[in-house]
Novice: 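Below is one structure. I have some questions about it.
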Amino acid sequence: MHSIVADYNYWIYILLMMIGLYAMLAKNNLIKKVIGMSIFQTAIIIFYVSIGAKEHATIPIIAHGHGAVEAAIDVAHYANPLVHVLMLTAIVVSVGTLGVALAICLAIHRKYNSLEEDEIQEQLQ
Amino acid sequence: MDSFFIGIGVALCFLMLLTLHRAVHGPTAIDRIMGVNVIGTKTTILLVVIGTIYHRVDMFVDIALAYALLNFIVTIAASRYFHHRKNLIPKGYGFRIRPEEKK
Amino acid sequence: MIWQLDLSVLTLIVICAFATIMVKDLLSAAIIFGAYSFLMCLLWTEMGAVDVAFTEASVGAGVSTVLFFAAVYQTSRKVGARKSGRLLSKAFALIAALLTGLVLVIAEADFPGFANPFTPASLHLSPYYITQTLHDTNVPNMVTSVLADYRGFDTMFETAVIFTAGLAVIAILRRFKKEDRHDLPEPYVISEGYPDTIIRFVARQLVPFIQLFALYVVAHGHHSPGGGFQGGVILGASFILLAISFDFKIVLGIMSERWNVLLGNIGVLIYAGIGFLCLLLGANFLDYSMLSKVLPATDKIMARSHGMLGIEIGVAIAVMAIVISIYLNIVSHGKYDKGL
Amino acid sequence: MTLVVILLTLTGLVFFFATTIGILRFPDFYSRMHAAGKGDTLSSLIILLALVLYNFHDINLANLLVAIKILLIVVFIFMASPTATHAIIDAGYEASIKPWMKKPEEES
């Protein structure tokens with residue numbers, strides 16, 4: 001019970017990853033598959049950001065106020081900025097992949113007039 | 001005072017859960033749009049509340065401002081659908097077909 | 001992090017994810033996915049990842065949900081009926097997903113504890129960034145300094161990836177010649193000839209504020225959350241708002257296709273060009289401290305800060321152009337004559 | 001000051017609660033939208049005002065800037081939220097949703 005609450009983020013990321021994977025594999029509709037891919041991506045982002053989280057830590061921007069700069073910076077006082085950088089770019093890249101995936105869906109719909117996987121396969125045979 | 005704001009945040013999350021019922025189960029797609037619109041407003045406020053809990057509101061207020069400006073786009077884009085295509089509840093949509101939809 | 005909010009928001013997220021997958025209507029799925037992205041933004045904020053939250057806010061509210069809507073409008077809203085032969089493949093998919101979950105659950109036992117400040121990820125590299133950022137670059141926002149300076153090479157290729165995505169969308173959808181377009185479906189138009197004065201008026205009032213705010217986000221990214229990616233996405237979203245509330249043509253009038261592609265190129269070129277400028281001045285690629293020779297009245301530390309600003313501007317221009325380009329191609333079926 | 005902040009926040013929360021009850025319990029789309037549009041805008045105004053007061057504990061430039069930004073959020077919510085409501089209701093009207101009547105119409 002303790003580990004379920006303490007590692008809640010990790011459990012949820014596993015659950016979301018399973019939901020996304022299931023949608024990508026089982027759903028018949030291509031746009032549903034794209035939504036599953038997006039959920040999968042966000043699961044991975046949750047994992048990374050959870051690794052970077054620290055208890056009692058503030059956001060990774062140094063409180064500079066106006067003129068007063070802290071002399072010594074306590075590392076445990078700021079959240080890990082590295083994972084934030086990696087995930088920030090991952091989100092913007094996910095827009096790019098989303099755009100390409102939807103463009104491919106549109107091109108498929110143009111040619112086969114359907115977004116269902118099995119109907120497209122019937123037409124292909 | 002911090003625990004007071006955390007309580008406010010949790011209460012807002014609970015209200016979002018109730019609104020999510022409308023967004024998830026809402027009989028028509030338009031009810032869903034309405035639910036998402038309300039969730040968006042609550043998100044804007046929760047962002048400022050979280051900033052208050054962190055004692056760094058000056059850093060969080062920009063995100064809330066972005067939401068206040070952009071939240072509008074999703075709603076308009078979604079609601080425009082019904083001007084040309086009026087099939088509100090086509091057959092087989094939603095989680096299950098309710099008795100009143102079968103008419 | 002605030003664990004009370006953490007628990008509540010994560011529970012809401014799981015409900016949203018289930019609903020998005022289960023609902024049998026693509027438009028509703030896209031709408032619930034919008035709520036999912038709002039909740040994601042809350043989760044990042046609550047864990048202290050403000051820059052990630054800002055990106056998610058601008059992307060989720062401005063672009064990705066609208067792209068889903070556009071794709072659903074241009075294709076069809078219907079999800080096909082269930083067929084009997086699908087049951088077996090669904091069972092296989094369920095087994096595969098459960099197996100993946102099982103492997104991850106077993107691996108979870110070895111994960112460092114959540115919110116532990118002494119995990120391996122937080123011990124080796126990131127303490128340097130946290131303690132030295134202000135000393136090295138005079139930029140209080142560590143995320144900006146790591147993004148644009150310490151890991152600038154990485155970010156350059158991320159920008160190149162986005163640029164490639166824009167090119168790929170153009171290559172897949174765009175038909176330049178009129179005679180090639182006979183097989184294309186008619187794009188679904190919602191805004192043309194629709195006289196809704198209220199929405200038009202409010203959109204016309206809001207768009208300048210959105211663009212001004214985007215410029216502020218780009219310029220102020222050194223001191224507060226924000227930066228090139230976020231500002232670029234917000235700028236792109238302002239054009240999307242114009243296209244939705246007015247007309248497809250008005251966006252093309254402001255930003256023609258030629259200019260759009262050119263701006264995408266210019267953005268990536270600014271990034272790479274600043275890197276090469278550093279190379280010419282005798283430093284390493286993207287080592288901005290040598291820019292102090294060119295910029296008047298700056299020492300090496302401030303030169304790094306100014307170099308970052310130049311890069312953020314390049315990223316913002318590229319991202320804006322690519323977002324607009326992807327949107328215009330998807331809504332007009334690559335015809336650029338009319339659309340959403 | 002703290003008392004005023006707590007009172008304002010709780011008032012906003014009550015209005016939010018009323019909004020949610022309205023969204024859940026009203027019988028048809030138009031009345032639900034009525035609850036959502038009005039209650040949401042008002043309660044966001046009240047809670048954000050409380051947060052402005054709470055963050056404005058001592059007067060200096062930084063705090064003034066934050067207060068102005070939060071008030072700008074209020075302004076934009078007041079511009080955008082009613083317009084969004086208008087757009088949704090318009091969509092519902094165009095999709096020919098029938099308003100709810102107290103006496104259900106005769107089965108046809």
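As the structure is a computational prediction, the values presented were derived from the model and not from experiment. To find a chain, count down the sequence lines: A is the first, B the second, and so on, and within it residues start at 1.
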Novice: Might you confirm whether atom OH of A:Y48 has over 12 heavy atoms from other residues, nucleotides or ligands at distances under 6.0 Å?
Specialist: no
Novice: Is it the side chain or the backbone of C:I326 that comes within 4.5 Å of chain A heavy atoms, both, or neither?
Specialist: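 Interface part for C:I326: side chain.
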Novice: Please look at C:A121 and chain A and tell me whether the side chain, the backbone, both or neither of the residue comes under 4.5 angstrom of a heavy atom of that chain.
Specialist: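 Both backbone and side chain of C:A121 come within 4.5 Å of chain A.
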Novice: Quick one: of C:T164, C:L43, C:D51, C:V161, who has the most non-hydrogen atom pairs under 4.5 Å with chain A?
Specialist: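 Sorted descending by pairs with chain A, the first entry is C:D51.
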Novice: Of the listed residues (C:L104, C:T20, C:V59, C:L10), which shares the most heavy-atom pairs with chain A below a 4.5 Å separation?
Specialist: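 Looking at each of C:L104, C:T20, C:V59, C:L10 in turn, C:L10 comes out on top.
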Novice: I'd like to know if the side chain of C:T155 reaches the main chain of C:L147, judged simply by a donor and an acceptor atom lying under 3.5 Å from each other, with no hydrogens or angles considered.
Specialist: yes
Novice: Is the A:F47 to C:F111 ring centre distance short of 6.0 Å?
Specialist: yes
Novice: Any side-chain heavy-atom pair from C:S325 and C:I170 closer than 4.5 angstrom?
Specialist: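 With C-beta onward as the side chain, the pair touches.
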Novice: Does the side chain of C:T55 come under 3.5 Å of the side chain of C:Q230 through a donor N or O and an acceptor N or O?
Specialist: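 C:Q230 and C:T55 do have a side-chain donor-acceptor pair below 3.5 Å.
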Novice: Relative to chain C, which segment of A:L115 carries a heavy atom at a distance below 4.5 Å: side chain, backbone, both, or neither?
Specialist: side chain
Novice: Any sub-3.5 Å donor-acceptor pair from C:T65's side-chain atoms to C:G60's backbone N or O?
Specialist: yes
Novice: For the residue pair C:Y129 and C:Y150, categorise the inter-ring angle as parallel (less than 30°), tilted (30 to 60°) or perpendicular (more than 60°).
Specialist: tilted
Novice: Of the backbone (N, CA, C, O) and the side chain (C-beta and beyond), which part of C:M40 lies under 4.5 Å from a heavy atom of chain A, both, or neither?
Specialist: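 Only the side chain of C:M40 comes within 4.5 Å of chain A.
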Novice: So which of A:N80, A:L16, A:L86 has the largest heavy-atom pair count under 4.5 angstrom toward chain C?
Specialist: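 Greatest number of close heavy-atom pairs with chain C: A:N80.
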Novice: Is a side-chain donor-acceptor pair under 3.5 Å present for C:S122 with C:T119?
Specialist: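 On atom types as modelled, these side chains qualify, holding a pair under 3.5 Å.
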Novice: Look at A:K27 together with A:E117 and state whether they make a salt bridge at an N to O cut-off of under 4.0 Å.
Specialist: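 Judged by the 4.0 Å cut-off on N to carboxylate O distance, A:K27 and A:E117 do not form a salt bridge.
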Novice: Under a 4.5 Å heavy-atom cut-off, does chain A meet the side chain of C:Y36, its backbone, both or neither?
Specialist: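 Only the side chain of C:Y36 comes within 4.5 Å of chain A.
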Novice: Among C:T11, C:T45, C:N329, single out the residue with the greatest number of heavy-atom pairs under 4.5 Å to chain A.
Specialist: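 When all of C:T11, C:T45, C:N329 are compared, C:T11 has the most.
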Novice: Look at the side chain of C:K90 and the backbone N and O of A:A26, then say whether any donor-acceptor pair between them is shorter than 3.5 Å.
Specialist: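 A pair under 3.5 Å: no.
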Novice: With only heavy atoms counted, which part of C:V143 is less than 4.5 Å from chain A, the side chain, the backbone, both or neither?
Specialist: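 It is both, since atoms from each part get that close.
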Novice: For C:T131, is it the side chain, the backbone, both, or neither that has a heavy atom closer than 4.5 Å to a heavy atom of chain A?
Specialist: both
Novice: Parallel, tilted or perpendicular for A:Y13 and A:Y10, by the 30°/60° rule?
Specialist: perpendicular
Novice: Which region of C:V105, side chain (C-beta onward) or backbone (N, CA, C, O), has a non-hydrogen atom less than 4.5 Å from a non-hydrogen atom of chain A, or is it both or neither?
Specialist: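 The answer is both parts of C:V105.
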Novice: Highest number of heavy-atom pairs under 4.5 Å with chain C: which of A:P60, A:S94, A:P81, A:A79?
Specialist: A:P60
Novice: Identify which part of C:T144 has an atom lying under 4.5 Å from any heavy atom of chain A, answering side chain, backbone, both or neither.
Specialist: neither
Novice: May I ask you to decide if C:I2's main-chain N or O and C:D6's side chain share a donor-acceptor pair within less than 3.5 Å?
Specialist: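 The answer is no, because no donor-acceptor pair under 3.5 Å joins these two groups.
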Novice: Flag the one option from A:V83, A:I91, A:L21, A:L25 with the top tally of heavy-atom pairs under 4.5 Å to chain C.
Specialist: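 Going by pairs under 4.5 Å, I would pick A:I91.
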Novice: Any donor-acceptor pair under 3.5 Å linking the side-chain atoms of A:Y78 with those of C:S126?
Specialist: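 Result is no, nothing qualifies.
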Novice: Heavy-atom distances under 4.5 Å only: say whether C:I330 touches chain A with side chain, backbone, both or neither.
Specialist: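 When you check distances to chain A, atoms from both the backbone and side chain of C:I330 fall under 4.5 Å.
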Novice: If you count heavy-atom pairs under 4.5 Å between each of C:T159, C:N141, C:T100 and chain A, which one has the most?
Specialist: C:N141
Novice: Is chain C contacted by the side chain of A:I12, its backbone, both, or neither, given a heavy-atom distance below 4.5 Å?
Specialist: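 Side chain of A:I12 only, per the 4.5 Å heavy-atom cut-off to chain C.
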Novice: With a 4.5 angstrom heavy-atom cut-off, is it the side chain or the backbone of C:L99 that approaches chain A, or both, or neither?
Specialist: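 It is neither, since no heavy atom gets under 4.5 Å.
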Novice: For chain C, find which of A:T58, A:T97, A:T89, A:I59 contributes the most heavy-atom pairs closer than 4.5 angstrom.
Specialist: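 Top count of heavy-atom pairs under 4.5 Å with chain C: A:T89.
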Novice: Looking at C:F92, C:F68, C:F118, which has the largest count of heavy-atom pairs under 4.5 Å with chain A?
Specialist: C:F68
Novice: Determine all donor-acceptor pairs shorter than 3.5 Å in which one atom belongs to a side chain in residues 98-113 of chain A; sequence neighbours excluded.
Specialist:
{"residue": "A:R110", "atom": "NH2", "partner": "C:L173", "partner atom": "O", "Å": "3.2"}
{"residue": "A:R110", "atom": "NH2", "partner": "C:H333", "partner atom": "O", "Å": "2.8"}

Novice: Checking heavy atoms, do the side chain of C:P120, its backbone, both or neither come under 4.5 Å from chain A?
Specialist: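 Interface part for C:P120: neither.
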Novice: Is it the backbone or the side chain of A:M18 that comes under 4.5 Å from a heavy atom of chain C, or both, or neither?
Specialist: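 A:M18 touches chain C through backbone and side-chain heavy atoms alike.
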Novice: Can you tell me which of A:V34, A:L15, A:I46 forms the most heavy-atom pairs within a distance under 4.5 Å of chain C?
Specialist: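 Maximum pair count with chain C is reached by A:I46.
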Novice: Contact between C:F54 and C:F229 at the side-chain level, heavy atoms closer than 4.5 Å - yes or no?
Specialist: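 Result no, sub-4.5 Å side-chain heavy-atom pair not found.
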Novice: Counting heavy-atom pairs under 4.5 Å to chain C, which of A:V93, A:V95, A:I51, A:I35 comes out on top?
Specialist: A:I35
